[in-house]
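All values reported here derive from a predicted model rather than from experimental measurement. Within every chain, numbering begins at 1; the chains are lettered A, B, ... in the order of the sequence lines, protein sequences first and strands thereafter.
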Number of protein chains: 2
Amino acid sequence: MKKIGKFVSYTDQVYRELKSAIVSGDIQQGEFLQERSIAEQLGVSRTPVREAIKRLEFEDWVETLPWKGVVVKDIDRQDIIEVFQCRYANEGFVGERVASTITDENMAELKKIKSTMEELADESRQEFINEDRKFHMHLAQLTNNSLLIHFLDRLSDQMLRFGILAVKDKVRIKETLEEHQAIIDALETRSPEKTKEAIQRHIDNSQDVLLHQTKERE
Amino acid sequence: MKKIGKFVSYTDQVYRELKSAIVSGDIQQGEFLQERSIAEQLGVSRTPVREAIKRLEFEDWVETLPWKGVVVKDIDRQDIIEVFQCRYANEGFVGERVASTITDENMAELKKIKSTMEELADESRQEFINEDRKFHMHLAQLTNNSLLIHFLDRLSDQMLRFGILAVKDKVRIKETLEEHQAIIDALETRSPEKTKEAIQRHIDNSQDVLLHQTKERE
DNA sequence: ATATATTAACTGGTATACCGCATACCGAAT
DNA sequence: ATTCGGTATGCGGTATACCAGTTAATATAT
């Protein structure tokens, strides 16, 4: 008798619940997470709630003030800069590393994702963003570096929080598609240098748009 | 009224205790961590031990097998490669970023660390490694990117685990000093490109030595 | 003797009660 | 009116008891 699926603990469920609530904005920044009320609300005890919160804390979603409470961290320009700098460094490396060894199959997969994004451009912003994430993470997978992949995955999570803004207007969507095409073109040449530059240019542009749209606040 | 010191929980203490035990080899890879016995041994309850273990799990030191146990992950060639690739990408970025803006004070600090390392070269391997970490982390600090800094700090922790091997022989110590000097020289020119290359060359060399010394096993 | 069912002794997972710090409130002293 | 100090309350931190799979030794049937 084999176990079919993995065991999913309450902790996991609560974690996913809370993270998606933060990402979607249902729980706003500055808001306090209260172990007891969340536990009651979800029908579990404080323990799994507590462990879920610890994970969120580790991933920098929330901050624990001892004896006072757990507060959802807010994001400012500095956070955006930090995430994009890390993406710049690591995704640039991914491109450099992957360009010379990428297979035709993987190229096809990237093109497929890109065409899906084109279809979704006028449809659903949310789905568009999901596919964008797939595009970048598909490249990352090719490094076979799980440490790097996990880190980029965390960054992608953070992106979701302010990612909604990044592709707010039609212009940026069009640019995003063009830049993805440029990455694909660079990959076709199998040139590590060109690929790295195409990716880093894409990331720099995204950052610029996002920072520009965040300028006035605070 | 200022708060004098930070509050340190049992969880923090247990975490540090366990991590240093793993790093030092007191707890070997493959060994099982048992919440109950550790709690008893340290004179605390299971709860803080459990939370400490969760943190270790998140940082990939251990793996939890539900209802079976928590086992200390072992490190293989792939782990070494992954850590060094991440260092290559991120520390390279640090060099690129910092070269053009580094102050004379910070240059002086780097030189000071380097001369300390020279003094320690024949004394204490452990202290030598600590100073090496300081050198790299000092550069990282200059980016003011806390996300990046935390990631590199985690990588440094991992380095400790197999770092003992990296500077096992006198030859490698001498090379390390030379390569640090090369990084300092590159910084003097304020050239992002040269600095990045000097750092990445240093990291590549360290990786080569380490992989070479790990070749036979498994 | 061997194969199989049982069960006892682990483990981590969860629920819950209690502790101690931080804060807000309220009354007494100034 | 202001300030100081006690106190009630709410929070995370910790301890502990119990639950639920897993495993392996053991009893039992063949």
Asks: Would you be so kind as to tabulate the donor-acceptor pairs closer than 3.5 Å made by side chains of residues 26-34 of chain A, with sequence neighbours excluded?
Replies:
unit_1, atom_1, unit_2, atom_2, d
A/Q29, OE1, A/I75, N, 3.4
A/E31, OE1, A/Q28, N, 3.0

Asks: Taking for each residue the nucleotide of DNA chain C bearing the nearest heavy atom, is the 5' side occupied by A/P66 or by A/P48?
Replies: A/P48
Asks: Please report, rounded to the nearest Å, how far the P atom of C/dT16 is from the CD atom of A/E40.
Replies: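 Whole-Å distance recorded here is 11 Å.
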Asks: Quick one: is B/T11 getting a side-chain N or O under 4.0 Å of the D/dT14 phosphate, OP1 or OP2?
Replies: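 So the side-chain polar atoms of B/T11 do come within 4.0 Å of the phosphate oxygens OP1 or OP2 of D/dT14, strictly under.
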Asks: How is B/Y10 classified with respect to the nucleic acid when contacts are heavy atoms under 4.0 Å: base, sugar-phosphate, or nothing?
Replies: sugar-phosphate
Asks: Does OH belonging to A/Y15 count more than 12 external heavy atoms closer than 6.0 Å?
Replies: yes
Asks: Could you run down the sub-3.5 Å N/O contacts of the protein with nucleotides 6-10 of chain D?
Replies:
none

Asks: Are A/K73 and A/D79 within salt-bridge range, i.e. N to O under 4.0 Å?
Replies: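 No, A/K73 and A/D79 are not salt-bridged.
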Asks: Heavy atoms under 4.0 Å, any strand shown: does B/T47 hit a base, just sugar-phosphate, or nothing?
Replies: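 Contact class for B/T47: base.
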Asks: Over how many whole Å does the gap from B/L65 atom CG to C/dG13 atom C1' extend?
Replies: 14 Å
Asks: Using OP1 and OP2 only, check whether a side-chain N or O of A/R50 sits under 4.0 Å from D/dG13.
Replies: yes
Asks: What nucleotide, of D/dA15, C/dG13, C/dA15, holds the atom closest to the side chain of B/T64?
Replies: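 Closest nucleotide among those given: C/dG13.
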Asks: Take A/G43 and B/E35, find for each the nucleotide of DNA chain C with the closest heavy atom, and name the residue whose nucleotide sits nearer the 5' end.
Replies: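 Nearest-nucleotide comparison on DNA chain C picks B/E35.
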Asks: Within the pair A/S45 and C/dA15, is there a side-chain N or O less than 4.0 Å away from OP1 or OP2?
Replies: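 Looking at the OP1 and OP2 atoms of C/dA15, one of them is under 4.0 Å from a side-chain N or O of A/S45.
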Asks: What are the two closest non-hydrogen atoms of A/N90 and B/A89, and how far apart are they?
Replies: OD1-CB, 4.1 Å
Asks: Can you measure B/R36 atom CZ to C/dG12 atom P for me and round it to whole angstrom units?
Replies: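 In whole Å, C/dG12 P and B/R36 CZ are 7 Å from each other.
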Asks: For B/L33, report the nucleic acid contact type (base, sugar-phosphate, nothing); a contact means any heavy atom under 4.0 Å.
Replies: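 Answer is sugar-phosphate: B/L33 comes under 4.0 Å of backbone atoms only.
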Asks: Nearest whole angstrom, please: distance from the P of C/dA15 to the CG of A/L42.
Replies: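 Rounded to the whole Å, the gap is 11 Å.
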Asks: Of the options D/dA17, C/dC18, C/dA15, whose atoms approach the side-chain atoms of B/R46 most closely?
Replies: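 From the listed options, D/dA17 comes nearest.
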Asks: Let me know the distance between CG of B/D12 and C1' of D/dG12, rounded to the nearest Å.
Replies: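 Distance, rounded to whole Å: 13 Å.
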Asks: With side chains defined as the heavy atoms from C-beta onward, is the minimum distance between B/V8 and B/R16 less than 4.5 Å?
Replies: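 SC-SC contact between B/V8 and B/R16 confirmed.
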Asks: Could you state the CD-P distance from A/E51 to D/dG12, rounded to the nearest angstrom?
Replies: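 The distance from CD of A/E51 to P of D/dG12 comes to 15 Å, rounded to the nearest Å.
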Asks: Between A/E82 and A/Q78, is there a side-chain donor-acceptor contact under 3.5 Å, judged purely by atom types and distance?
Replies: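 Distance-only check passes for A/Q78 and A/E82.
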Asks: Take the angle between the ring planes of A/H180 and A/H202 and call it parallel below 30°, perpendicular above 60°, tilted in between.
Replies: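 Plane angle over 60°, so perpendicular.
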Asks: Using whole Å, what does the distance between atom P of nucleotide D/dG13 and atom CZ of B/R55 come to?
Replies: 11 Å
